[in-house]
There are 2 protein chains.
Amino acid sequence: MRKTIFIFGALVVALLTLFQLSTYSLVSGNTSIEFIIAGIAIVFFIIGVIINKKVLHKYKGITKEIDHKKIETLGLSKREYEVLCEIALGLSNKEIAQKLFVSESTIKTHVSNMLVKLDAKRRTQAIQIAKEFQIIPL
Amino acid sequence: MRKTIFIFGALVVALLTLFQLSTYSLVSGNTSIEFIIAGIAIVFFIIGVIINKKVLHKYKGITKEIDHKKIETLGLSKREYEVLCEIALGLSNKEIAQKLFVSESTIKTHVSNMLVKLDAKRRTQAIQIAKEFQIIPL
DNA sequence: AAATCACTCATACTAAAGTATGAAATTACC
DNA sequence: GGTAATTTCATACTTTAGTATGAGTGATTT
């Protein structure tokens with residue numbers, strides 16, 4: 001909230017500055033009009049991109065960077081997290097076992113421990129919870 | 001691909017047109033410079049927003065509108081689709097049955113039919129496939 | 001050296017998920 | 001009114017998922 005207000009304020013200031021500069025340059029006549037227009041165009045293009053990103057950020061949990069801190073907080077081990085990711089890709093325990101070169105028993109152990117740590121009853125629920133925590137890629 | 005090229009082409013044309021118009025107005029001197037600059041600013045702001053959206057679209061499956069046409073193409077019935085959505089929320093067959101006021105057998109039938117139509121072997125895989133097809137909300 | 005932790009694996013069990021088949025009721029459409 | 005598709009349900013079965021328990025190994029820490 002505070003950030004948004006600050007950014008908007010900065011933008012307004014930048015806008016006014018640009019206007020001032022452009023009229024100034026025109027009066028003094030030592031800068032070509034095309035240059036000014038191009039500058040303004042580029043600045044507002046960038047502003048558009050930034051604002052759009054901000055809005056999308058607020059609206060949904062996009063840009064999806066993985067929350068590594070959350071993974072630690074949950075106490076998920078490296079292997080458990082790997083298994084979780086494979087589950088989210090729709091693999092069975094057997095398939096995960098082959099992919100990670102371990103036995104299916106091992107995968108079952110990891111899955112079981114992971115489910116407890118995520119407080120999930122099923123692997124499908126684990127996927128949903130992991131998505132909410134933003135600990136797996138969309 | 002084709003679309004992207006077309007859009008970029010249109011943007012370039014719009015850009016050039018704006019430049020032409022702005023210099024024209026200046027020469028004839030019947031439009032204030034502030035107006036032109038404001039216009040250019042707005043146009044490029046919008047262009048920035050649009051391009052950002054497009055890029056994000058390509059990069060990830062964002063903006064997430066459900067592809068109803070795809071659902072039809074796959075031949076998913078209303079009930080099968082409902083069940084698919086509940087599965088994506090992490091519910092078990094029994095829970096889905098209670099939520100939709102039908103027996104577990106019914107849910108199993110729907111799930112089985114749905115899996116065939118999505119060409120999935122497991123419900124977790126169905127979730128992944130459905131996400132790729134953008135037929136379920138993120 | 002002892003303790004702790006993550007990873008590995010196995011066995012045995014229970015619970016869920018998924019398949020196959022058949023069938024009745026409902027809805028929709030021509 | 002008949003036909004097709006959907007929805008519903010059941011039974012029996014196979015497969016996968018998940019739990020519980022115990023145990024061995026290697027790396028790290030105290």
Side-chain angles (χ1 to χ4, degrees), chain A residues 66-133 135-136, chain B residues 66-133 135-136:
Chain A
I66 288 163
D67 191 346
H68 296 283
K69 291 170 193 169
K70 189 72 190 176
I71 296 173
E72 272 192 48
T73 306
L74 292 168
L76 282 177
S77 74
K78 201 189 300 177
R79 252 347 197 187
E80 284 160 4
Y81 178 68
E82 277 184 290
V83 170
L84 172 60
C85 290
E86 301 299 335
I87 285 175
L89 293 176
L91 300 190
S92 69
N93 289 338
K94 196 176 287 182
E95 287 169 338
I96 297 171
Q98 290 169 347
K99 197 167 178 179
L100 301 184
F101 304 106
V102 292
S103 78
E104 197 183 337
S105 314
T106 306
I107 301 301
K108 282 189 178 186
T109 306
H110 288 321
V111 171
S112 213
N113 293 333
M114 178 270 289
L115 289 178
V116 172
K117 290 175 183 176
L118 280 188
D119 194 28
K121 288 173 193 159
R122 285 164 292 282
R123 45 172 55 208
T124 49
Q125 200 181 3
I127 295 173
Q128 178 66 16
I129 291 170
K131 278 197 291 181
E132 281 171 13
F133 284 161
I135 59 177
I136 54 171
Chain B
I66 289 162
D67 191 347
H68 295 283
K69 292 171 192 168
K70 189 72 192 175
I71 297 173
E72 271 193 45
T73 307
L74 292 168
L76 283 177
S77 75
K78 199 188 302 177
R79 246 359 192 181
E80 284 160 3
Y81 178 68
E82 277 184 290
V83 170
L84 173 60
C85 291
E86 301 300 336
I87 285 175
L89 293 176
L91 300 191
S92 69
N93 288 338
K94 196 175 287 181
E95 287 169 339
I96 298 171
Q98 290 169 346
K99 196 168 179 179
L100 300 184
F101 303 106
V102 291
S103 77
E104 197 184 336
S105 314
T106 306
I107 300 301
K108 283 190 177 185
T109 306
H110 289 321
V111 171
S112 213
N113 293 332
M114 177 271 288
L115 288 178
V116 171
K117 290 175 183 176
L118 280 189
D119 194 29
K121 288 173 194 161
R122 284 165 293 282
R123 47 172 55 208
T124 49
Q125 200 180 3
I127 295 173
Q128 179 66 14
I129 291 170
K131 276 196 293 180
E132 280 171 14
F133 284 162
I135 59 177
I136 55 171

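Letters A, B, ... mirror the listed sequences (proteins, then strands); counts begin at 1. What you are looking at is a predicted structure, and each value in this text was computed from that prediction instead of being measured.
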Exercise for the section: Take atom NZ of B/Lys78 and atom P of D/dA5, then tell me their distance rounded to the nearest Å. Expected result: 17 Å

Exercise for the section: For DNA chain C, find the residues of residues 101-121 of chain B with a heavy-atom distance under 4.0 Å and give them by number; none if there aren't any. Expected result: B/Lys108, B/Val111, B/Ser112, B/Leu115

Handout entry: B/Glu95 side chain reached by A/Gln125 side chain, heavy atoms, under 4.5 Å
Key = no

Problem - Presence of A/Asn93 side-chain N/O under 4.0 Å of D/dA17 phosphate oxygens OP1/OP2 - result: yes

Exercise for the section: To the nearest Å, give me how far apart CD (B/Glu95) and C1' (C/dA17) are. Expected result: 13 Å

Problem - Spacing of A/Ile96 atom CD1 relative to C/dC7 atom C1', expressed in whole Å - result: 16 Å

Exercise for the section: Using a strict 4.0 Å threshold on nitrogen-to-oxygen distance, state whether A/Glu82 and A/Arg79 make a salt bridge. Expected result: yes

Handout entry: A/Arg122 side-chain N/O to D/dA17 phosphate OP1/OP2 under 4.0 Å
Key = no

Practice task
Mind calculating the distance between CD (B/Glu80) and P (C/dG18) to the nearest angstrom?
Solution key: 14 Å

Practice task
Let me know the distance between CD of A/Gln125 and C1' of C/dA15, rounded to the nearest Å.
Solution key: 15 Å

Exercise for the section: Could you tell me the separation between the CG atom of A/Leu74 and the P atom of C/dA6, rounded to a whole number of Å? Expected result: 14 Å

Practice task
Starting from C1' on C/dT14, measure out to NZ on B/Lys94 and report it in whole angstrom.
Solution key: 12 Å

Problem - Side chain proximity check, B/Thr124 to A/Leu91, heavy atoms < 4.5 angstrom - result: no

Handout entry: Side chain to side chain, A/Arg123 and A/Asn93, heavy atoms closer than 4.5 Å
Key = yes

Exercise for the section: Return no unless some side-chain N or O of B/Arg123 is found under 4.0 Å from OP1 or OP2 of C/dG18. Expected result: yes

